[in-house]
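Note: hydrogens, waters and symmetry copies are ignored here, and every other heavy atom, side chains too, is used.
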Amino acid sequence: MSEITPEVVRHLAGLARIDVTDAEVDRFTEQLGLIVDSAATLKAAVAGDVPATSHPIPMKNVYREDVVLESLSQEAALSGSADSESGRFRVAAILDEE
Amino acid sequence: MNLVKLTAVEQLEGLRSGAFTSVELTQAHLDRIASVDGVVHAFLHVNASGALATAAEVDRKRAAGETLPALAGLPIAVKDNLTTIDEPTTAGSKILEGWVPPYDSTVVSKLRAEMMPILGKTNLDEFAMGSTTQFSAYGPTSNPWSLDRIPGGSGGGSAAAVGAYMAPLAIGSDTGGSIRYPAAMTGTVGTKPTYGAVSRYGLIALGSSLDQIGPVARNVQDAALLHDVIAGHDERDSTSLPEDLGSMVAAASNGSLAGVKVGVIKELSGSGFQAGISARFQESLELLKAAGAEIVEVSCPSFQYAIAAYYLILPAEASSNLAKFDSVRFGMRVTPEGNPTIERVMAATREAGFGPEVKRRIILGTYALSSGYYDDYYGSAQKVRTLIQRDFDAAFAKADVLVSPTAPTTAFKLGEKIEDPLAMYLNDIATIPANLAGIPGLSLPNGLADEDGLPSSIQLLAPARADQRLYSVGAVLEKAHENVWGKRMIDFAPEVKAGA
Amino acid sequence: MAKAELMNYEQALEKFEVVIGLEVHVELNTKTKMFCGCRNDFGDEPNTNVCPVCLGLPGALPVVNKRAVESAIKIGLAIGCDIAPNGRFARKNYFYPDLAKNFQTSQFDEPIAFEGGVEVEVPSGQVYKIDIERAHMEEDAGKLTHVGGNTGRIQGAEFSLVDYNRAGVPLIEIVTKPVYGAGAEAPELAAAYVRYIREVVKALDVSEARMERGNVRCDANVSLRLHGAEKLGTRTETKNVNSLRSIERAVRYEIQRQAHILANGGTIIQETRHWHEDKGTTSAGRPKSDADDYRYFPEPDLVPVAPSKELIEELRASLPEDPATRRKRLQEAWGFSDLEFRDVVNAGLMDPIEETVAAGASPQAARKWWSGEIARQANADGKDVSELNVTAAQVAELAALVEAGKINDRIGREVLAAVMNGEGNPGEIVSAKGLEVVSDDGALMAAIDEALAKQPDVLEKIREGKVQAAGAVIGAVMQAMKGQADAGRVRELIIERAAQ
Ligand SMILES: [Mg+2]
Ligand SMILES: [Zn+2]
């Protein structure tokens, strides 16, 4: 039995900030269930002492000197935005408590 | 003379000798686009004026006797997930419709420095998520060999542009096979370099630890030309390799197979591979042997986990990479009815702006990273990566290069498998291990499958940083095939019917 | 919202043990941001110190600022931590419009510094050991301005505006282990600890360390448990506590608030609380929930930070003296008594006095002005002295004017008030207002004779040895001179007159 239920899909969609329709929830529940089930074999495959690889080509200590580089102009920075005002990006109000 | 049918090498010779100008060459490609792209749909945006301006500048400098970069005047197409300051960059997604980035990707900067006229931006599966180019929000691309079939993906646009003579060269990106698989479907050559060999700066990230930009061409030597232009260290990409991996053009010119051990990956042959593809693969092995190579068998038992691991790592990284598409700083904004909060605007925008495959993978990736599931899913997948690297290490201890068919089947019909993600994910079974391990791979066409007459390809793999081996072996094998066939692979392709 | 009921502080401590934990964010004073070359200066015109990286544009990639890493190591060493030989950055995923990528690049399970400790003295003279769990590198968020509704607050705002100049500014987050046993002194200890961290980062010259500008910010965790109980109580995390005074008040408030709830059979909700400077209260924010599933994973676009032993030792050798040593040295140099010095430290006056002495004032004069008028004003305004409109150089100038006899102490206080009122430097104010003391003996003598004419018996009394009788005349002369006279000189002149 898959761990993926419609509730799980809705919760994940919420975390990922995507509205989903009921039809999408049903479809994703089924499809993700299959994918997740097939992923279950991995846990057994790596039982024992296997280190994780997060970078395919190991490197370390890649730095930039603390030297100022050119920034974008304010106009260029705002050029892609749907809405801006007095040099700032404008967004709808934020639902939160102070 | 039909300029577009020349190889890139031949086009460069023509430019240098003065047989034709860059403006003539560029215009020939623009004309070709105008005549066939209506049915192929390889391009999302064509920048005729920009390309011609660059071409004119090259012609002017050449006439003035100025020194020019090696590929100056040679037109090129760029996958639409690389930022360009003068053209929209959509990544095949509605959420970026019309977005013109305020900066150029490093690779595009290099093309500009090389003075290559950029013809336009090519189609792809949305955010490069897919292997058919059907998941582009702007409609699918057709395979030039058979217009009702997929061109492969995600870089189907770049492969089809090159395969249908709309560009001599194109830029692709390969996260799980997105250069090599379309190359295999369209009878073209495509390379995924070693991870870090080409800067990712300005490539709209899919799976950051897997993504790599590479060349798409109609033959090995042409691919090498482009590879040398785009490779090299970039201070803007922390994962960019500091070392120079040598000239691919030189490697392709001096190929020899004497004493070279070629390893056949046991797990990537036989069952699951279309008979015609297996037959062509065996013939390629015979040609390699005849050219002096020693054929050995290698086993990579952990490859059986590669797809499952890939479809956790990729969605996990993608779910985070795609969080920035939130309507605030760029891209689409959908404001629901009433007096919505920013949270609702973000969720509605992402619902409307992302296609189903993107949503599916974001939700899957969110799951794989969730507390409580991380160790079992993302964590296990990263460990599988280690096993796959160990398999490659062992295999490369026995062989200089490894080979397999690039794809299990030839190009299938548009619309097939589209609602079956698991079946679709199998397309990349042979290409994914290289991305997980960071090693380079090249797909080379090796004839037509008997059952459907569609292109078949062989994949060459080399150890990390040994990209040159792909070109030296690839060039020899390509020559051997052409000797047998008496013509180039691309010459088998039927003429694209413009009115179809 | 109903005002929370509080338990009497002494009663609360009788019943409960207080456990605190402190998270301090320090903004580094690097020239550029953590992951890009934009200027680290967020007071500029909005969205002018931004680039594709810190705006989170598609395709952009981070590169770590070397100086920020060195600063982080220095801080780690200065608070007694071990430095990780191999640490990584991670992505902390959550959506918020001030977060350009919708993830914060931070460190999760591999912080650069861990397992340290510092000794902190509170006003009573008691010294507490505070264990440090970790110090890690991360980036700041942009700045949101809420428009409409009530006075720029998030609640009831019509919309918000975002400036990303601060996005990507390097931060070091220092996290303590739970601190037990401070009892009634827990609030003072919290403030003293943050003061200590400020002294450390200022001495290291890695931060401007100005709390009023948000260079140092503190989140205070508070929980209570019955004396003798083993299990830790549920904690709350109070945010926005941006002055030392507020830290003390906020911790005290939380102790009283939680004690009331627990004593009445209620339960504490694990939540974020916001400190309101004006009301001196905290209010509930977001409860900790699923929304806190940050889906951390190693940042694939960055490679590990692996400082060599040599680098660590080099940085260790470069560390300035620790705060305790510095305190000892300054007390000796200044010749302050233990009591005087402790008052100076607790009032946060060590730095300004040091600067004032460096600017030429005597230690006692510097102490007199800072702990007198200026501290009084700060107290009255509920601010730190650093937030007042007066600099060490101005105080030194004032002290010099008094020393030279140009003004007296009383005028000095008047001048200082004018300085804090933004009227200019002391010298300018003295000349502009004509406050310089009258040092013309002729003018003073005229005033003395005028006063003596009204009190003719005074001279006789002085001659009889009752010198204190001069007081009445001095008072009258000072009044006549509007205070702008040196009372000592007036006294001398009266006695001279009596001797004639
Ligand atoms: Mg933090
Ligand atoms: Zn920046």
With side chain to side chain contact (heavy atoms under 4.5 Å, CB included) as the test, would you mind laying out the steps for B:Asn321 and C:Arg91 before giving the verdict? CA-CA 10 Å; B:Asn321 285 332; C:Arg91 292 186 184 179; 2.8 Å; yes
Would you give the length of the straight line joining atom NZ of B:Lys324 to atom CG of C:Asn102, rounded to the nearest 0.5 angstrom?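 Interatomic distance, B:Lys324 NZ to C:Asn102 CG, rounded to 0.5 Å: 9.0 Å.
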How long is the span from the CD atom in B:Glu343 to the CZ atom in C:Phe95, to the nearest 0.5 Å?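 CZ of C:Phe95 is found 11.0 Å from CD of B:Glu343.
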B:Gln382 versus chain C, heavy atoms under 4.5 Å apart: side chain, backbone, both or neither?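 For B:Gln382, there is no contact with chain C at all, as no heavy atom is under 4.5 Å.
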Is there a side-chain contact between [X] and [Y] (heavy atoms, below 4.5 Å)?
X: B:Tyr103; Y: C:Cys51; result: no
X: C:Leu61; Y: B:Arg236; result: no
X: C:Tyr294; Y: B:Ser371; result: no

Can a donor-acceptor pair be found, under 3.5 Å and without considering hydrogens, that links the side chain of [X] to the backbone of [Y]?
X: B:Ser320; Y: C:Asn93; result: no
X: C:Asp293; Y: B:Ser370; result: no
X: C:Arg295; Y: B:Thr366; result: no

Side chain, backbone, both or neither: which part of C:Phe297 has a non-hydrogen atom closer than 4.5 Å to chain B?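 Both backbone and side chain.
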Contacting region of C:Tyr164 [heavy-atom separation from chain B under 4.5 Å]: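 The answer is the side chain of C:Tyr164.
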What residue, out of C:Pro97, C:Pro62, C:Cys36, C:Ala100, has the most heavy-atom pairs lying under 4.5 Å from chain B?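 Max contact count across the listed options: C:Ala100.
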As a quick check of understanding, evaluate side chain to side chain contact (heavy atoms under 4.5 Å, CB included) for B:Arg200 and C:Asp301, giving each step before the final call. CA-CA 10 Å; B:Arg200 293 183 294 118; C:Asp301 288 327; 3.0 Å; yes
